[in-house]
Amino acid sequence: QVQLVESGGGLEQPGGSLRLSCAASGRIFSIDAMGWYRQAPGKQRELVASITSGGSTNYADSVKGRFTISRDNAKNTVYLQMNSLKPEDTAVYYCNADIRPWVTPTLTRAYWGQGTQVTVSS
């Protein structure tokens, strides 16, 4: 069974930094795109950043210039470096990955992490 395990969330002051990690494990053939989403209380889940298997990236306008997404394909891991944090960044952050499992290597499905809380407050 394929699983995504997230880490790195917590409490940080405005202007501070956090780095989120998400590692995929299990019987995996390959991983296509990976990304980070977030959901604040009372709001819809939104895409924060995404990265293709080749390293091309996209960012939400609200985080562009402050956040950086990266991945280590050898470790099946995606990262989100968050700098210059603002209170508006407070949310539950979810890891997403489009994965081809060994049992069906020609078929891709989306997997999600359990979510990790990020709180930015003084």
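Positions are given from 1 along the sequence. Everything numeric in this text was worked out from a predicted model, so none of it was measured.
- Thr68 contributes atom OG1, which lies 14.0 Å from atom OH of Tyr79 (distance to the nearest 0.5 angstrom).
- Qualifying side-chain contact (heavy atoms from CB on, under 4.5 Å) partners for Lys43, counting only residues two or more places apart in sequence or in other chains: Ala40.
- Here Asp89 pairs with Arg38, Arg66 under the salt bridge (charged side-chain N to carboxylate O under 4.0 Å, His left out) rule; sequence neighbours left out.
- Here Val92 is tied into one hydrophobic group with Tyr37, Leu47, Tyr94, Trp112, each link being a pair of ILVMFWY side chains closer than 4.5 Å.
- For the atom pair Leu11 CG and Gln117 CD, the distance stands at 9.5 Å (nearest 0.5 Å).
- For the atom pair Lys64 NZ and Thr57 OG1, the distance stands at 8.5 Å (nearest 0.5 Å).
- If you chain together ILVMFWY residues whose side-chain heavy atoms come under 4.5 Å of each other, Val120 ends up grouped with Val2, Leu4, Leu18, Leu20, Ile28, Ile31, Met34, Trp36, Val48, Ile51, Tyr59, Val63, Phe67, Ile69, Val78, Leu80, Met82, Leu85, Tyr93, Ile99, Tyr111, Val118.
- The minimum heavy-atom distance between Phe29 and Pro105, with the atom names listed, is CG-CB, 3.6 Å.
- Applying the disulfide bond (SG atoms under 2.5 Å apart) definition to pairs two or more places apart or across chains, those involving residues 11-51 are Cys22-Cys95.
- Nearest approach of Asn73 to Ser53, heavy atoms of both residues: ND2-O, 3.4 Å.
- Between Ser17 and Ser84, the shortest heavy-atom contact is OG-N, 4.4 Å.
- One distance of note links NZ of Lys75 with OG of Ser25; it measures 15.0 Å at 0.5 Å rounding.
- Legend: residues meeting salt bridge (charged side-chain N to carboxylate O under 4.0 Å, His left out) with Asp32, ordered by chain and number and at least two apart, are Arg100.
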